[in-house]
Structure formats: C-alpha cells, structure tokens
Amino acid sequence: MIEVKNIQETNLVENPVIAQMSKSNHEQILFCNDNATGLKAIIAVHNTVLGPALGGTRMWMYNNEMDALTDVLRLSRGMTYKNSISGLNLGGGKAVIIGDSRTMKSEALFRRFGKFVNSLAGKYITAEDVGIGTNDMTWVNMETNHVVGLPGKSGDPSPVTAQGVYMGMKACAKEQFGSDSLTGKKVMVQGVGHVGEYLVASLAKEGAILTISDIHEDTLKRVSKTYGATVVGINDVYDVDMDIYAPCALGATVNDDTLSRLKCSIIAGAANNQLANEAVHGIKVMEKGIIYAPDYALNAGGVINCYSEVKNLPAAWALAKADEIYKTISNIVSRSKNENVPTYQIANKMAEERIEAIGKVKLPL
Ligand code: NAD
C-alpha cells in the first residue's frame with residue numbers, strides 16, 4: 001500500500017504555482033505554449049460546480065509570466081462569483097494570452113489557442129475580453145465550439161450590461177431615498193463609452209440630471225448634446241454635486257483620495273474592480289452612509305448576454321434576466337443593513353451560498 005504523506009512531513013519544496021492555485025482554490029490551470037505560432041497562454045478554471053466555466057480571454061503584454069498567472073487566477077475566481085450571484089448555471093474561468101495585441105495577432109496563434117480551449121472538452125467556454133475582437137474569436141471558433149461572442153450571434157453585450165446597471169441603480173435608490181424613481185436625481189456618469197452611453201440614455205429618459213466625463217472630446221460633445229448632460233473634466237468628477245456616482249470607465253476609482261471628496265449617497269456603475277482595496281474601501285463607503293452596489297453583481301449583463309448565446313436563448317431573455325439585477329441588488333443591500341456588513345462581503349457570501357447549495361443538488365442520488 002502507498003503511504004500518503006502530508007506535505008509538511010516530506011522534503012518537497014512547495015511549488016509557487018501550485019501554492020497560488022490551492023490558495024485560490026482553483027480546479028485546473030492549463031499552460032499553453034506553442035513556439036511555432038508564438039502562443040503563450042494560461043487558461044484558469046476556478047470552479048465548475050454550477051456549470052462549465054465561462055469567462056473571456058484577455059490579450060495583454062504582461063511584464064512576466066507570474067503577473068499573467070496572478071491576473072488569470074484573480075479574474076477567473078471573479079467570474080465564479082459573478083456567474084453564481086447572477087443565478088446562471090455557469091462556473092468561473094478566464095484565459096490570458098501573453099503578448100502585444102497590436103502586433104502579435106495571427107490566424108495561426110488564435111487557432112492554436114482554440115485547440116487548447118477544445119482540449120478542455122467544454123469545461124471552459126471562452127469569449128472576448130481586453131485586447132480581443134470578434135474576428136479573433138472567429139479564428140478560435142475554427143478549432144472549437146466552446147466560444148461565445150461571435151459575429152452575428154448574441155452581439156454587443158453593452159446594452160444588456162447598461163440595463164442591469166440601470167435596474168441595480170434603481171434598487172439602491174429605493175433603499176436610500178425610499179423610491180426607485182431616478183427623476184430629478186443628480187447622476188455623475190464617468191466614461192460614456194459602450195455601456196456609459198446606453199446608461200445615460202436610460203437615465204435621460206427617466207429625467208435624471210446628468211453630468212458626464214470622458215477622455216474623448218468628440219464622444220463627450222455628442223453624448224452631451226444628445227442627452228442634455230453637463231460635461232466636467234476628468235479630474236473634477238469626484239467634486240461634482242451628485243446623488244449617484246456611476247463609474248463606467250476605470251477600476252479602483254473608489255480610493256482614499258476620492259472617498260474624501262465624493263458627496264454621493266450611492267455608487268453604482270459598470271466598471272470592474274471599483275474599490276481600490278475591497279477590505280478597506282468596502283468598509284469606508286459603508287461608514288460614510290454610501291450604498292455601494294457590488295460591481296460584479298451590477299455589471300453581470302455582459303455575461304448574461306453570453307449565457308443567452310450558450311443556451312440559444314433570445315435577446316429578450318437576456319434583457320429580462322438583466323432586469324432581475326434589481327432584485328439581486330435589493331437583497332444584497334437589505335442584507336448588508338440587517339447584518340451590518342459591507343455590501344461586497346454580502347455579495348461574496350450570497351455567491352458562495354449558491355455554489356454550496358447547488359453543489360449538494362448535484363451529488364449523485
Ligand atoms: P469602453 O471602452 O467602450 O468605454 C469606456 C469609456 O471610458 C471610454 O469612452 C473611455 O474614453 C472612457 N475613459 C477612459 N478613461 C477615462 C477617465 N479617466 N475618465 C473618464 N472617462 C474615461 O468600455 P465599456 O465596454 O463601456 O465598459 C466600461 C466599463 O464597464 C469597463 O470597466 C468594463 O470592464 C466594464 N464592463 C463592461 C461590460 C460590457 O458589456 N461592455 C460588461 C461588464 C463590465
């Protein structure tokens with residue numbers, strides 16, 4: 001009989017990759033290398049209790065491979081939480097291709113990557129992320145069917161994402177102001193790109209008083225004229241007189257500096273990783289009496305749109321599912337108040353609770 005020893009009892013040196021993997025509780029990591037095409041990629045499958053792991057592929061020129069590994073582990077874990085809290089039958093995964101997206105793309109590289117995705121036999125479903133376009137995914141699709149976000153399929157996810165953000169913002173308003181009407185509410189939308197502009201359109205229709213900011217002058221001019229929004233410079237965003245701050249551009253905009261300036265009572269926007277440091281700023285926003293709508297629960301419309309493609313569901317289903325973000329955010333906010341725990345922690349708990357519960361359903365009879 002083979003004697004199994006605890007690692008502490010052996011002379012084994014801990015492998016930093018395996019150590020990182022077990023710390024974040026990942027199921028599988030696939031390292032992909034192909035010298036002929038120049039492909040260097042990592043696919044991380046975090047958790048597949050709820051279903052196949054879905055998450056986009058990012059192409060980025062990382063400083064080194066360990067940075068790429070850290071990023072893919074963090075992002076794939078985030079997808080587990082996002083998919084779970086959104087009530088989707090999807091697990092969490094993500095992939096990164098290490099390289100310059102402006103100079104290193106080729107049909108061969110993406111097809112080779114597609115072969116690696118295919119080798120996971122549907123355990124991981126890929127999609128677009130930073131640095132990747134629909135054409136790249138068409139190449140990936142030549143080697144695997146486990147890909148969504150293809151041209152002519154579910155299409156641009158931004159309208160669905162914006163709808164979810166809008167509904168979640170209303171849920172916060174109901175909790176903070178006693179009514180979910182946004183008529184007359186002062187909303188600062190930072191970044192009027194794909195999601196930001198759709199959000200501005202819904203808010204304008206409801207009669208919100210809008211202030212916008214962006215780094216692109218032409219976009220700003222067009223959006224401000226179309227929806228009657230006031231424009232502010234990118235450095236003045238945090239000093240604007242506002243009820244609601246909607247970050248729809250960058251991450252980490254809720255930090256020590258901005259929190260000392262922000263006078264809003266709700267933070268609800270599409271950007272990922274809005275809290276510079278979850279543990280610090282998640283608590284600080286609560287202490288300031290601000291309701292923070294956890295970003296991954298609020299901006300789940302994008303993945304809901306992908307799921308509609310996986311399951312061949314109509315666009316109307318995706319929009320209706322995004323409307324349910326109202327209820328999700330309401331539950332998070334009221335539980336946060338009742339338990340006196342920051343909203344980001346409640347969202348994490350709710351995501352973990354669903355995985356635990358459904359994990360039991362999936363046990364063999
Ligand atoms: P986008 O690139 O179309 O729009 C971002 C906008 O922000 C651009 O117009 C850009 O010029 C502007 N911007 C950049 N830096 C800025 C700054 N310092 N101040 C003000 N504006 C600035 O991106 P998007 O698809 O609209 O996504 C917006 C955010 O939402 C991103 O953080 C993205 O990760 C997140 N998100 C998007 C989706 C989706 O469906 N598109 C889904 C989930 C999350």
Side-chain angles (χ1 to χ4, degrees), residues 54-60 71 74-75 78-79 81-83 85-86 88 92 94 101 127-134 148-149 153-169 187-202 210-224 226-227 229-240 242 245-255 257-258 267-276 293-309 315 318-319 321-322 325:
L54 188 143
T57 297
R58 177 168 291 196
M59 187 163 187
W60 195 254
D71 204 29
R74 183 182 62 86
L75 293 167
M79 287 309 298
Y81 282 78
K82 182 184 288 219
N83 293 336
I85 203 151
S86 311
L88 303 176
K94 201 92 182 181
S101 62
E128 289 155 39
D129 197 69
V130 177
I132 303 280
T134 42
V148 290
K153 295 277 181 73
S154 63
D156 177 13
S158 310
V160 185
T161 304
Q163 177 67 10
V165 172
Y166 171 66
M167 294 308 287
M169 189 184 278
V187 187
M188 169 72 238
V189 181
Q190 179 184 42
V192 283
H194 286 95
V195 180
E197 183 171 352
Y198 284 114
L199 178 64
V200 163
S202 299
L210 291 161
T211 307
I212 58 171
S213 171
D214 202 287
I215 50 172
H216 293 306
E217 286 299 323
D218 47 343
T219 311
L220 265 182
K221 255 190 208 153
R222 184 179 51 75
V223 176
S224 129
T226 312
Y227 304 101
T230 305
V231 170
V232 288
I234 55 168
N235 296 321
D236 300 324
V237 165
Y238 311 103
D239 304 309
V240 165
M242 60 175 112
Y245 167 49
C248 296
L250 316 161
T253 60
V254 181
N255 52 46
D257 171 45
T258 60
I267 299 175
N272 283 310
N273 305 316
Q274 291 166 27
L275 302 174
D295 45 21
Y296 69 80
L298 194 68
N299 69 17
V303 78
I304 288 172
N305 201 55
C306 285
Y307 187 71
S308 70
E309 191 173 325
L319 278 172
K321 187 77 184 160
I325 290 176

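Only a predicted model underlies this, so the values are computations on that prediction, with no experimental measurement involved. In listed order, ligands and their atoms are each counted from 1. All heavy atoms count here, side chains included; hydrogens, waters and symmetry mates do not.
Between D71 and K94 there is no salt bridge, since no side-chain N of the basic residue sits under 4.0 Å from a carboxylate O of the acidic one. Using a 4.0 Å cut-off between charged side-chain N and carboxylate O, K221 and D218 make no salt bridge.
In this model, no donor atom of one side chain and acceptor atom of the other lie less than 3.5 Å apart for D295 and N273. For N305 and K321, the side-chain atoms include no donor-acceptor pair closer than 3.5 Å. Between the side chains of T258 and N255, at least one donor N or O lies within less than 3.5 Å of an accepting N or O. In the model, T253 has a side-chain atom that pairs as donor or acceptor with a side-chain atom of Y245 under 3.5 Å.
By the 4.5 Å heavy-atom criterion applied to side chains, E197 and T226 are not counted as neighbours. By the 4.5 Å heavy-atom criterion applied to side chains, I267 and Q274 are counted as neighbours. Here the side chains of I212 and T230 are not in contact, with every heavy-atom distance at 4.5 Å or above. The side-chain heavy atoms of L54 and C306, taken from C-beta on, include a pair separated by under 4.5 Å.
What sits closest to atom 43 (C) of ligand 1 on the protein, heavy atoms only, is N299 O, 3.5 Å. Of the protein's non-hydrogen atoms, T161 OG1, 2.7 Å is the one closest to atom 40 (O) of ligand 1. Of all protein heavy atoms, the one lying nearest to atom 32 (O) of ligand 1 is A249 O, 3.1 Å. Nearest protein neighbour of atom 30 (O) of ligand 1, counting heavy atoms only, is A270 O, 3.2 Å. In terms of protein heavy-atom proximity, atom 3 (O) of ligand 1 is nearest to H194 ND1, 2.6 Å. Of the protein's non-hydrogen atoms, the one nearest atom 4 (O) of ligand 1 is G193 CA, 3.3 Å. Remark: minimum distance from atom 27 (O) of ligand 1 to any protein heavy atom is reached at V195 CG2, 4.0 Å. For atom 33 (C) of ligand 1, the closest heavy atom belonging to the protein is N272 ND2, 4.1 Å.
The shell of residues lying under 4.0 angstrom from ligand 1, judged by heavy atoms, excludes T219.
Within the 4.0 Å cut-off (strictly below), no protein heavy atom is located near atom 23 (O) of ligand 1.
Against a heavy-atom cut-off of under 4.0 Å, S158 is close to the following atoms of ligand 1: 40 (O), 41 (N). Of all atoms in ligand 1, numbered sequentially from 1 with element shown, those under 4.0 Å from a heavy atom of P157 are 40 (O).
Counting heavy atoms closer than 4.0 Å to ligand 1, residue V237 contributes nothing at all.
Between the choices D214, I234, V165, V223, the shortest heavy-atom distance to atom 12 (C) of ligand 1 belongs to D214. Remark: among candidates C248, G301, G191, the nearest residue to atom 5 (C) of ligand 1 is C248, based on non-hydrogen atoms. If you check each of L220, I215, D129 against atom 16 (C) of ligand 1, the one with the closest non-hydrogen atom is I215.
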